[in-house]
Amino acid sequence: MIHLEHLNLVVRNIPKALTFYQAIFPHWQVRGGGKSTWYGVERNWVHFGDDYQYLTFNDDGNADNRDLSGHQVGLAHFAYATDDLDGVISRLQAAGYEIAKPGMDDPYRRNVYFIDPDGYEVEFVEYLTDIPALRNRYDQ
């Protein structure tokens, strides 16, 4: 078995990043943190998650994230599956974040995109079926 354990994100401001991600994952907590040096630059870091998955935030970001409408190499977005898309949307909107892009119209899944404070695009998807052939289909 293999699964994604964590993402390591460079951000400008850890508390702002935590505000966004705590709205998504109210059951997660800061698991630890500290200071380190990355190629000669000091930075603070925290691990935010549960016992099995987490996000690392490093506060040494000093430039804008890639242009999401462009074609630069880099992270386009990352996604989380949820069984309560409306709850995720409500919590993010209550924290001051608006939907960046609505998802596609699909009978077997709902999805939506938000942009975090550092310009990372995060997708949330709620599957409306347990049948893999329907969940994973795409129209060509």
Side-chain angles (χ1 to χ4, degrees):
M1 178 185 85
I2 190 168
H3 69 271
L4 181 66
E5 181 198 40
H6 74 275
L7 294 174
N8 189 319
L9 302 175
V10 176
V11 303
R12 290 186 190 103
N13 182 293
I14 291 172
K16 285 185 180 179
L18 283 171
T19 296
F20 180 84
Y21 289 97
Q22 284 171 324
I24 300 164
F25 302 109
H27 62 288
W28 281 14
Q29 60 187 339
V30 173
R31 297 177 7 166
K35 293 182 181 292
S36 64
T37 301
W38 184 258
Y39 289 94
V41 175
E42 289 190 17
R43 65 183 183 177
N44 297 297
W45 62 270
V46 299
H47 287 175
F48 174 69
D50 62 17
D51 291 335
Y52 304 100
Q53 297 177 339
Y54 63 96
L55 296 168
T56 300
F57 301 119
N58 302 284
D59 70 357
D60 58 329
N62 63 7
D64 290 338
N65 210 329
R66 71 181 284 276
D67 177 1
L68 295 175
S69 66
H71 302 278
Q72 306 91 343
V73 171
L75 181 68
H77 73 264
F78 54 98
Y80 289 98
T82 178
D83 58 2
D84 182 16
L85 184 61
D86 292 328
V88 171
I89 292 168
S90 294
R91 290 191 306 273
L92 281 167
Q93 288 178 330
Y97 299 95
E98 293 302 322
I99 294 171
K101 289 190 310 196
M104 67 177 133
D105 186 27
D106 188 289
Y108 303 108
R109 64 182 170 258
R110 299 172 53 219
N111 66 322
V112 67
Y113 299 82
F114 282 82
I115 307 296
D116 85 356
D118 293 287
Y120 293 104
E121 185 175 67
V122 186
E123 178 185 7
F124 302 95
V125 61
E126 180 177 6
Y127 291 103
L128 306 175
T129 179
D130 290 329
I131 301 169
L134 296 176
R135 289 170 60 126
N136 302 323
R137 72 169 188 48
Y138 64 94
D139 297 326
Q140 295 184 350

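Values below: all heavy atoms of this structure, side chains included; hydrogens, waters and symmetry mates excluded. This is a predicted model, so every value here is computed, not measured.
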Rounded to the nearest 0.5 Å, what separates atom CZ in Phe78 from atom CG in Leu55? 6.0 Å

Of all the heavy-atom pairs spanning Asp67 and Gln72, show the shortest one and how long it is. O-OE1, 3.1 Å

Are there over 12 heavy-atom neighbours, none belonging to His27, within less than 6.0 Å of that residue's NE2? yes

Is the shortest side-chain heavy-atom distance between Val122 and Phe20 below 4.5 Å? yes

Mind checking whether Glu5 and Gln53 have side chains closer than 4.5 Å, heavy atoms only? no

Shortest non-hydrogen contact from Tyr127 toward Val125: CE1-CG1, 3.8 Å

In Å and rounded to the nearest 0.5 Å, what is the OG1 to CG distance from Thr56 to Leu7? 8.5 Å

Quick check on the hydrophobic clustering: are Phe25 and Leu85 connected, directly or via other members, by side-chain heavy-atom contacts under 4.5 Å? yes

Leu128 side, atom CG; Asp106 side, atom CG - distance, nearest 0.5 Å: 8.0 Å

Measuring only between side-chain heavy atoms, which start at C-beta, is Asn58 closer than 4.5 Å to Trp38? no

Only counting residues at least two apart or in another chain, list the ones meeting side-chain contact (heavy atoms from CB on, under 4.5 Å) with Leu18. Ile14, Gln22, Val30, Phe48, Phe57

Could you tell me if Arg31 sits above the aromatic ring of Tyr54, with its cationic atom closer than 6.0 Å to the ring centre and no more than 45 degrees from the axis? yes

Counting only heavy atoms not in Asp83 (residues, nucleotides, ligands), do more than 12 fall under 6.0 Å from its CG? no

Given the rule that I, L, V, M, F, W and Y join up when any side-chain heavy atoms are under 4.5 Å apart, are Leu4 and Leu75 in one cluster? yes

What I'd like to find out is whether the side chain of Leu68 reaches to under 4.5 Å of the side chain of Ile115, using heavy atoms alone. yes

Hphob cluster co-occupancy, Ile99 + Tyr80, side-chain heavy atoms under 4.5 angstrom: yes

By side-chain hydrogen bond (donor to acceptor under 3.5 Å, both in side chains), Asp50 pairs with (sequence neighbours left out) Trp28

How would you list, by chain and number, every residue that makes a side-chain hydrogen bond (donor to acceptor under 3.5 Å, both in side chains) with Tyr21, sequence neighbours excluded? Asp116

Could you report the tightest heavy-atom contact between Tyr97 and Pro117, atom names first, then the distance? OH-CG, 3.4 Å

Over 60° means perpendicular and under 30° means parallel, so classify the ring planes of Tyr113 and His77, tilted if in between. perpendicular

Around Glu42, counting heavy atoms of other residues, nucleotides and ligands shown, do more than 12 lie under 6.0 Å from its CD? no

Residues at least two apart in sequence or cross-chain that pass side-chain contact (heavy atoms from CB on, under 4.5 Å) with Val88, listed by chain then number, are Thr82, Arg91, Leu92, Phe124

Are Asp84 and Glu126 packed together at the side-chain level, in the sense that at least one heavy-atom pair is separated by less than 4.5 angstrom? no

Return the minimal non-hydrogen interatomic distance between Asn44 and Lys35, and the atom names on each side. OD1-NZ, 2.8 Å

Residues in side-chain hydrogen bond (donor to acceptor under 3.5 Å, both in side chains) contact with Asn13, at least two apart in sequence or another chain: none

Between Asp118 (side chain only) and Val10 (backbone N and O only), is there a donor and an acceptor less than 3.5 Å apart? no

Please say whether more than 12 non-hydrogen atoms of neighbouring residues, nucleotides or ligands are located less than 6.0 Å from CG in Asp130. no

Applying side-chain hydrogen bond (donor to acceptor under 3.5 Å, both in side chains), can you list everything that pairs with Asn65, at least two apart in sequence or on another chain? none

Looking only at heavy atoms, the pair that brings Arg110 and Asp86 closest together is NH2-OD1, 2.7 Å

Looking at Ala63, is its backbone amide N or carbonyl O close enough to the side chain of Arg12 to form a donor-acceptor pair, meaning the two atoms are under 3.5 Å apart? yes

Please name the pair of heavy atoms, one in Arg109 and one in Arg135, separated by the smallest distance, quoted to 0.1 Å. NH1-O, 2.5 Å

